[in-house]
Amino acid sequence: MRPTVLCFSGLDPSGGAGLQADIEAIGQSGAHAAIACTALTIQNSQQVFGFEATSKELLLAQANAVVGDLPIKCVKSGMLGTTDNIAALAEFLREHPDYLYVLDPVLVANSGGSLGDQATLVKAFVELIPLATVITPNTVELRALTGLDDIEQATHKLFEMGANAVLVKGGHENTPDHIRNVLYADGKMLAESRCPRLEGQYHGSGCSLASFIAGRLALGDSLKIAVQHSETWLFGVLKQAEIPIPNGQKIPKRF
Ligand code: PLP
């Protein structure tokens, strides 16, 4: 069977982000996706209306049901929703130190809607940071996690907090014609990429990128190659993204 990525992620009814993005991206990467659902969100392509988080017990029961059953090589987390769920994932990862782990530190949706209490989530993420093979913050999340405005300093702080590698995604920076991502490992820059900035807002771009990286890592790529593959793939699926309604965010076409 194909190597498996076990995703801890929430359901987004629009199918743009969350666990559907994970399943589609990981399928496209060549790996198999399994899901432990962290929350059911209520949202569409325009906004988040609310969510109900899974209990810690139910979350761990889902994950434990597939351990030893599927060939899990990597864990990927997206929306975790509550500090209880973050603690449960940390406990799960400590029990499985052989799993690679991609931490996408989701705090708010791209539409701006809340996916949990930001202040308490930020404090709880501290426990997950040293457990991750790679962390994939956008610059808004990077600043929130570290409390620092300067990107270089904030990245440095994440390494002081125990990070092993960080992919800083520049989509939220004021670079009108391009997006620059930088991959750091062990505190040093490992790679840099630039792509043209596509027009519009996208729903689930971060989930898709982190999941494709997790899939490629599960298949044996090095981190640098996994990130390169994923950025190329993401640019293609965003280029062909579909807009459901004039005010909505575009939904990546991952097939
Ligand atoms: N996970 C869920 C369940 C979501 O609803 C969202 C955004 O709406 C995200 C993750 C993060 O999405 P993005 O990839 O757009 O950052």
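Whatever order the structure lists them in is the order used to number ligands and atoms, beginning at 1. Since this is a predicted model, take the numbers as computed values, not measurements.
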Would a 4.5 Å heavy-atom cut-off, applied to side chains only, mark Asp104 and Lys169 as touching?
yes
In terms of its nearest heavy atom to atom 11 (C) of ligand 1, the top option of Gly18, Cys207, Cys7 is Cys207
Sub-4.0 Å atoms of ligand 1 with respect to non-hydrogen atoms of Ser205:
14 (O), 15 (O)
Tell me which one of Asp104, Leu115, Asp12 gets a heavy atom nearest to atom 6 (C) of ligand 1.
Leu115
Is there a path of hydrophobic side-chain contacts, each under 4.5 Å between heavy atoms of I, L, V, M, F, W or Y residues, that connects Val102 with Ile86?
no
Closest to atom 15 (O) of ligand 1 (heavy atoms only, candidates Gly206, Ala17, Gly204) is Gly204
Could you verify whether a donor N or O on one side chain and an acceptor N or O on the other, from Tyr101 and Ser77, lie under 3.5 Å apart?
yes
Say whether Gln43, considering both its backbone and side-chain N or O atoms, lies within less than 3.5 Å of an N or O atom on ligand 1.
yes
Is the closest N or O pair between Tyr202 and ligand 1 shorter than 3.5 Å?
no
Heavy-atom count check: over 12 atoms from other residues, nucleotides or ligands less than 6.0 Å from Gln28 CD?
yes
Between Lys56 and Asp84, does at least one N-O distance fall below 4.0 Å, as a salt bridge requires?
no
Under 3.5 Å, is there a donor-acceptor pair between the Thr175 and Arg180 side chains?
no
Examine the proximity of ligand 1 to Ser208 and report which part, side chain or backbone, both or neither, has a heavy atom under 4.0 Å away.
neither
Contact between Ser9 and ligand 1, counting heavy atoms under 4.0 Å?
no
When you compare ligand 1 with Ala109, is there at least one nitrogen or oxygen pair between them that comes in under 3.5 angstrom?
no
Considering only non-hydrogen protein atoms, determine which one is nearest to atom 3 (C) of ligand 1 and report residue, atom name and distance to 0.1 Å.
Gly10 O, 3.4 Å
Salt-bridged, Arg94 to Glu127, with N to O below 4.0 Å?
yes
Side-chain contact test, heavy atoms from C-beta onward, threshold under 4.5 Å: evaluate it for Leu158 versus Glu160 and give yes or no.
no
Quick check on contacts: which atoms of ligand 1 are under 4.0 angstrom from a heavy atom of Asn110?
15 (O)
